[in-house]
Participant: 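The structure follows.
Count residues from 1 along the sequence. This one's a predicted model, so the numbers in the text were calculated from it and none came from an experiment.
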Amino acid sequence: MRRTVNRVLLGLLGLGLFALGGGVLLGGLDLPRRWDFGVPGWWPFRGPDDVVLGAEGRTRWREEGWWWPTVIAVLAVLLALLLWWLLAQRRHRLGEVRVDSEDGSAARLDGGTLEDVIEEEAQALDGVSRAHVRLTGRSTAPSARVRLLLEPHADPARTLVRLSPEILAHARDSAGLDRLPSKVRLKGVRHHARRVG
């Protein structure tokens, strides 16, 4: 759904910018006069000397009491819509995972529970200070984002080798999933040097 909305919005925005750019180009290159065709009366760009917004257009409504509140309200609504759209782009946490129970029906597994189980098993690994797991994607094809905070003595390669075939494979198998694509980020704990003296 989000992809469809994004494509429609980007298509409309692109179409509007294309039309605006084409209108400016028509006027800037003086194509109506060169190619001898007319433009509608409301057309703003008639020749290379025209400006995008003339003095009359800039000052036309300034003295009206409703003008500035309307401009501010429209810009506030536009800003709110843009912020909503930006926040909608973030991958949301998966609420549930649909598991094929092999009897024609699908069971539902709570996504937060599966995240908690993976986190607990990952934190039990040697050298892992903290683990954070987020399931994203579709309920029928989830993917996992795993962030591990490693202690200074931890071996990242060994931790990663144990995480993938053991913990993530165990979660995939216990949820009855065919696959569980995962992205793992490892970060070391910052520690201060000790003074010896």
Side-chain angles (χ1 to χ4, degrees), residues 1-17 73-195:
M1 174 68 178
R2 188 173 65 226
R3 285 183 183 175
T4 305
V5 171
N6 281 345
R7 287 178 182 162
V8 168
L9 285 175
L10 288 175
L12 290 174
L13 182 64
L15 191 61
L17 289 174
V74 167
L75 291 176
V77 168
L78 185 62
L79 178 64
L81 286 173
L82 289 174
L83 286 174
W84 169 80
W85 185 55
L86 180 66
L87 290 174
Q89 304 313 304
R90 295 182 63 201
R91 291 186 175 264
H92 293 291
R93 161 173 264 175
L94 197 60
E96 63 181 24
V97 177
R98 297 187 74 183
V99 180
D100 184 15
S101 57
E102 297 182 2
D103 63 354
S105 63
R108 293 189 170 125
L109 174 65
D110 182 51
T113 304
L114 187 57
E115 290 173 348
D116 292 343
V117 169
I118 297 172
E119 282 178 9
E120 285 178 19
E121 289 188 9
Q123 281 180 195
L125 292 174
D126 182 42
V128 175
S129 172
R130 196 166 60 237
H132 178 73
V133 177
R134 174 168 280 188
L135 292 176
T136 60
R138 298 188 317 261
S139 61
T140 54
S143 59
R145 291 178 178 233
V146 183
R147 285 185 293 158
L148 300 180
L149 193 60
L150 301 179
E151 296 286 351
H153 70 276
D155 180 6
R158 185 169 177 229
T159 303
L160 194 58
V161 163
R162 288 198 60 201
L163 179 74
S164 295
E166 289 181 24
I167 296 169
L168 292 174
H170 180 247
R172 182 195 67 221
D173 295 341
S174 63
L177 299 170
D178 294 330
R179 52 192 302 264
L180 182 63
S182 306
K183 287 185 180 178
V184 181
R185 294 179 73 185
L186 304 175
K187 186 176 180 182
V189 175
R190 291 184 181 179
H191 62 288
H192 300 289
R194 293 181 183 172
R195 286 190 175 182

Participant: For L149 and V128, run side chain to side chain contact (heavy atoms under 4.5 Å, CB included): C-alpha distance rounded to whole Å, both residues' side-chain angles, the deciding distance at 0.1 Å, then the answer.
Facilitator: CA-CA 6 Å; L149 193 60; V128 175; over 6 Å; no
Participant: Tell me, please, which residues at least two apart from E115 pass side-chain contact (heavy atoms from CB on, under 4.5 Å).
Facilitator: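 So E115 forms a side-chain contact (heavy atoms from CB on, under 4.5 Å) with R93, V133, R134, L135.
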Participant: Could you list the residues that satisfy side-chain contact (heavy atoms from CB on, under 4.5 Å) with L81, not counting sequence neighbours?
Facilitator: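 In terms of side-chain contact (heavy atoms from CB on, under 4.5 Å), with neighbours along the sequence ignored, L81 is linked to V77.
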Participant: Identify the heavy atoms of E151 and S129 that sit nearest to each other, and give their distance.
Facilitator: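 So the minimum-distance heavy-atom pair works out to OE2-CB, 3.2 Å.
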Participant: Write down the atom of R162, the atom of D126, and the distance for their closest heavy-atom approach.
Facilitator: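 For R162 versus D126, the nearest heavy atoms are NH1-N, 4.4 Å.
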Participant: Return the set of residues passing side-chain contact (heavy atoms from CB on, under 4.5 Å) with D155 (not counting sequence neighbours), or none when no residue passes.
Facilitator: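 Expected list: A157, R158.
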Participant: What residues, two or more places apart in sequence or in another chain, satisfy salt bridge (charged side-chain N to carboxylate O under 4.0 Å, His left out) together with E120?
Facilitator: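 E120: no salt bridge (charged side-chain N to carboxylate O under 4.0 Å, His left out) contacts found.
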Participant: Restricting to non-hydrogen atoms, name the atom on P142 and the atom on P181 that form the minimum distance, rounded to 0.1 Å.
Facilitator: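 Answer, listing the atom of P142 first, then P181: O-CD, 3.4 Å.
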Participant: What residues form a side-chain contact (heavy atoms from CB on, under 4.5 Å) with T113, not counting sequence neighbours?
Facilitator: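 T113: side-chain contact (heavy atoms from CB on, under 4.5 Å) contacts with D110.
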Participant: Just verifying a value: how many Å separate L114 CG and E119 CD, rounded to the nearest 0.5 Å?
Facilitator: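 Here the rounded value is 10.5 Å.
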Participant: Closest approach of L180 and L168, non-hydrogen atoms and distance?
Facilitator: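 Looks like CD2-O, 4.1 Å.
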Participant: For the atom pair CG (L148) and NE2 (H132), what is the distance rounded to the nearest 0.5 Å?
Facilitator: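 L148 CG to H132 NE2: 11.0 Å, rounded to 0.5 Å.
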Participant: Measure the shortest side-chain to side-chain distance between L125 and I167 over non-hydrogen atoms and say whether it is less than 4.5 angstrom.
Facilitator: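 The answer is yes; the side chains approach within 4.5 Å.
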Participant: Between CG of L10 and CG of L15, what distance do you get to the nearest 0.5 Å?
Facilitator: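 It is 12.5 Å, given to the nearest 0.5 Å.
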Participant: Nearest heavy-atom pair of S143 and G137: which atoms, and what distance?
Facilitator: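 So the minimum-distance heavy-atom pair works out to OG-N, 4.5 Å.
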Participant: Distance-only check: which donor-acceptor pairs under 3.5 Å involve side-chain atoms of residues 169-178, not counting sequence neighbours?
Facilitator:
from: H170; atom 1: ND1; to: E121; atom 2: OE2; distance (Å): 3.2
from: S174; atom 1: OG; to: H170; atom 2: O; distance (Å): 3.0
from: S174; atom 1: OG; to: A171; atom 2: O; distance (Å): 3.1

